[in-house]
Amino acid sequence: MTIQEQYELLEKTVRGYNTGADFNAIHAAYEYAEKCHEGQKRKSGEPYIIHPLAVAQIVAENLKLDSESIEAALLHDVIEDTPATHGDVAKRFSPTIADLVEGVSKLTRIQYATKEDEQMENLRKMLIAMSKDIRVILVKVADRLHNMRTMEYQSPEKQKQKSLETMEIYAPIAHRLGMQRIKWELEDLSLKYLDPVGYHEIVTKISAKSQENDAFLQRTSLEIGDRLNEQGIDHIVYGRIKHPYSIYRKMFNQNKSLDEIFDLYAFRVLVASVGDCYNVLGVIHDLYKPILGRFKDYIGTPKPNGYQSLHTTVMGTEGVPFEVQIRTRQMHDFAEYGVAAHWKYKQNGMGAGTEGKYEWVRRLLENQEGADAEDYIHSLKVDMFADEVFVFTPQGDVQNLPAKATPIDFAYAIHSAVGNRMVGAKVNNRIVTLDHILKNGDIVEILTSKAAKGPSRDWMKIARSAEARSKIRQWFKKEKKEENIANGRSAFEQELKHCGVSMKDVTAPENLPVLLKKVAYNSLDEMYAAIGYGGFTAQKAVGRMHNELLRIARKDQSEIQESKPEPAAPKKIKSEQGIIVEGLDNCLVKFSKCCTPVPGDEIVGFITRGYGVSVHRADCPNASPERRAGQEGRWLKVSWGEDTNDSYPTTIELICKDRLNLLLDVSAALSSTKTFVSGIQSRSTEDEFAIFRIEIRVRDGEQMKSVMNRLNQISGVLSITRPAG
Ligand code: MN
C-alpha cells in the first residue's frame, strides 16, 4: 500500500463512522506532518509519515475518535521530533490540537525504569493524570500499539525495554480504560519480546492444530447458533482461541503445560437486549453441562472498568471445555473499545452537550471507585479530579505527592535527612525557589549540604503534605531540644551562682531528687529543655528550689565554718520571685503577710533584719510615711520583673449580709473561677453580718480582680477588700 493509499484508507475509515468529520483539517494535518517529517526515516527504512498515518488509522479504526483526535494522531510526533512548535501547530490548526500533540509528546518524554509494582502503579496514574484530555492517552496508546507492531526493527535491548513498559504501563491502562482488544494485542506483542520461547511455543502449538481448532470452533458455533435460532433469539455467535498472553498467564499461574490448559476456546454471543442475554444463558446451560463455580454475572455486577457480560464455562459435547461470553451489542462495543466507545456513543447519541465535555469519563471512573483493587480503577484519575501530582527523582523513581506540592514536600518524601539538609532544588535541571509548584512528570533534584542549617519555620507554610510538615515540626522539636538543653543549662547555672550553691551540690544524689521534685521535672535535662524553649525560666527554677538551695547553702557554709575559724562573708543572693530590687542585685525577697502584694500592685521594699527584703504594697499602712519615719534608709524601690512566679498568695476580705447557704455560694464562686483557695475563715457578727477572710493564690492583679468581680455578684455581698496593715 502506498502512502497515498494509506491516507485514503484513513479518510474512508473515518467517513465510515463519522461523515461529519472535518476532512479538510485532517488532510491539512496529514500534509503538514508529511512536510515536517520530510527526510526522516523509520528504523524500517520507510518514510517517517508511515507511522503517524498508522497511528491515526488505529485511532480511527479501533477507537473511532473525533476529527481532532485524528489530526492530533497525524501530528503527534511533530513537536517532539521536528522543528515545529506548539505555537506553530496552534496557529495552523487550533490550540486544542496543539495541546493534544503537546500532551502526547510529554508522555513520550517520560523515561521508565524497571520498577516494583508500586512504582508501576504510580507511573500509570501519572500518565493518566498528565493526560488532561483523555484523548491524549488514547492517541498515546495507539502510538504505542503501532510501535509495538513494528518493534522488529529495533535493537533487542530496546525491544525488551519497550515491551516491559508496554506490559506494565500501557496494557493496564488500556484495560483500565476498558479497551480489551488493544490490551490483548499489546500483551501479545510484549510477550513476544519478553519471553520469545514461551510465546512461540504457544503460537506454534496452536497453529499446528489450527485446522482442528477452526473445525471445532465452527462446529460449536453452529451448534449454538442452531439452538438459538430454534428459540427465535436474534444473535451473532463466533468462536476464537484465547489470545496467547492469556494462555501464557494461565500456564504460568497454574503451572501447567499448554495441553493441560483447561479452556483455550471462547465463544461469544451478541444479542439485542439484556433479557436475551439471560435467555441465551439458559439455552447454553441446557445444551452443555455448566462447570460449577465458573458462571459470572458481570451484567448484574459490572467489572470496575465498566465491563458487562455473562461468562460461563461449559463442557462441550466432545468433552472439550470452553467459555461462553454473552452480551449485548452495546456492551460488546464498550468491552472492545472501552472509554472510546463511550466517546462514540456520546457523540452519536442523544444528550450530547447536556453535560460537561468529559463528564461521562468522570462518571465512568467514579462508578469504579471502591471496586477491586486489582483493577486499579480507584486510582484512575484525569485532571478534573486529580488531587495528586507525580514527579520523578533523577533516578527515575516516581514520587506521588499532593497536588501543588513543592520541592520541600518532595525532599521530605524522599527522606527527612534530605529535607533537613536541603539548600535548594532543581526542577527539570533548572534551579527553582522552594515554593515552586511541581507539575506531573517534573524531574526534581534536591540540592543538599552538610552545612545546611535545617528547615526554616516558613517551610511549614509552604509544604503541602502533612508528612513534610510533621517532619519539619519534629526537626524543630528535636533540634531545638539539644540547643535548648545547652541554653537552659547555662541560664540555670548563671542563676544558681547567686544562691551560693554549686552545680555539684545540685547534682549530688542526696539533693537532686528533692530539687527536681520542687520544679516537677523528671530530669535536669528536661528542665533545661523547658528553660531553653521558654516554657520555664531559670529564675523560676531557682525560685522554686529556693528553700532547698538555702538549706544546702547553709549546710555548705556551716561546713566551711567548721573547717575555717574565720567566718566567710555570706554570699549574696539575687532578688527573685519576680521582684527587682533597685540597687541590690542579690538579695532575699519575701512578701509581707500584712498586705500580700501580687503582680500589678505598686510595691515598696523594706530591708528586714536577717531576712532580706520584705515587699509591701505601696498603700500598706505598714509602709506609710509615719511608719517609715526614722528608718528611711531601709526602704527601697522595688518593682515587678518579667519573670514572676506562677502564683502569689494573697488575701481577700468579704463583708456580707448573712444568710442561708452563703458559704456555699462563696465556695461555688471560687470554684467556678478555678481559683486555688488555701484557706477560708468566716465569722458571723451579732448584727447578722458575715465576714470572710479568704486566702487564695493568684497569678497577678488581673486574676485577683476577676475573682473579686465574681464574688461581688453573690447576693448579700456588701464589700470586698484586700486587707492590709
Ligand atoms: Mn509516535
Side-chain angles (χ1 to χ4, degrees), residues 1 3 6-7 9-10 13 26 29-63 65 68-86 88-89 93 97-112 123 126-128 130-155 157-171 173-174 177 179 182-183 185-186 189-190 193 340 441:
M1 194 162 36
I3 293 171
Q6 207 188 320
Y7 175 73
L9 174 65
L10 174 66
T13 309
I26 292 173
Y30 162 62
E31 283 196 321
Y32 184 66
E34 192 178 34
K35 203 185 105 220
C36 287
H37 290 296
E38 198 168 19
Q40 293 179 347
K41 293 254 187 290
R42 295 210 87 210
K43 284 265 159 63
S44 62
E46 295 166 300
Y48 195 86
I49 189 67
I50 292 278
H51 168 64
L53 258 176
V55 173
Q57 184 65 33
I58 293 167
V59 167
E61 200 175 299
N62 297 48
L63 303 174
L65 294 186
E68 286 180 334
S69 305
I70 306 293
E71 292 164 53
L74 287 166
L75 298 167
H76 82 268
D77 277 331
V78 300
I79 292 182
E80 187 66 10
D81 293 340
T82 81
T85 63
H86 180 279
D88 296 338
V89 178
F93 299 94
I97 305 276
D99 285 348
L100 290 173
V101 174
E102 178 70 36
V104 177
S105 304
K106 269 193 200 150
L107 301 189
T108 306
R109 270 175 234 139
I110 291 173
Q111 293 297 312
Y112 312 93
L123 278 169
M126 177 171 73
L127 245 73
I128 293 168
M130 280 177 78
S131 314
K132 294 197 175 120
D133 186 321
I134 197 81
R135 293 176 293 179
V136 168
I137 195 85
L138 296 176
V139 171
K140 184 65 204 170
V141 168
D143 175 41
R144 175 50 59 107
L145 180 57
H146 184 247
N147 283 333
M148 287 305 295
R149 282 177 181 173
T150 53
M151 195 51 73
E152 65 208 84
Y153 303 104
Q154 298 290 348
S155 68
E157 255 164 72
K158 189 122 184 179
Q159 288 172 344
K160 278 239 152 82
Q161 186 217 324
K162 290 283 165 193
S163 298
L164 194 66
E165 224 175 83
T166 302
M167 193 66 105
E168 298 280 9
I169 308 286
Y170 289 98
I173 285 177
L177 297 174
M179 306 183 292
I182 288 182
K183 177 201 155 195
E185 192 176 347
L186 288 173
L189 288 167
S190 302
Y193 298 104

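Keep in mind it's a predicted model, so treat the numbers as computed, not measured. Indexing begins at 1, ligand by ligand and atom by atom, following the structure's order.
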- For the student: nearest non-hydrogen atoms of Arg144 and Leu186, plus distance: CG-CD2, 4.2 Å
- Message: Closer than 2.8 Å to the Mn ion (ligand 1), what protein N/O/S atoms do you find?
- Response: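 Near the Mn ion (ligand 1), the protein supplies His51 NE2, His76 NE2, Asp77 OD2, Asp143 OD1.
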- Query: Pairs in or reaching into residues 40-55: which pass salt bridge (charged side-chain N to carboxylate O under 4.0 Å, His left out), with residues at least two apart or in two chains?
  - Reply: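 Of all non-adjacent pairs touching residues 40-55, none passes salt bridge (charged side-chain N to carboxylate O under 4.0 Å, His left out).
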- Task: Output every pair passing salt bridge (charged side-chain N to carboxylate O under 4.0 Å, His left out) with a member in residues 69-81, not counting sequence neighbours, ordered by first then second residue.
- Result: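 For residues 69-81: Glu80-Arg109.
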- Query: Got a sec: does the CD of Glu152 have more than 12 other heavy atoms crowding it under 6.0 Å?
  - Reply: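 Buried by this count: over 12 neighbours within 6.0 Å.
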- Task: Only counting residues at least two apart or in another chain, list the ones meeting side chain to side chain contact (heavy atoms under 4.5 Å, CB included) with Ile3.
- Result: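 Checked Ile3 against side chain to side chain contact (heavy atoms under 4.5 Å, CB included); matches are Tyr30, Glu34, Pro47, Ile49, Ile50, Leu53.
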- Message: For a side chain to side chain contact (heavy atoms under 4.5 Å, CB included) check, start with the C-alpha distance between His146 and Gln57, then their side-chain angles and the critical distance, and finish with the verdict.
- Response: CA-CA 10 Å; His146 184 247; Gln57 184 65 33; over 6 Å; no
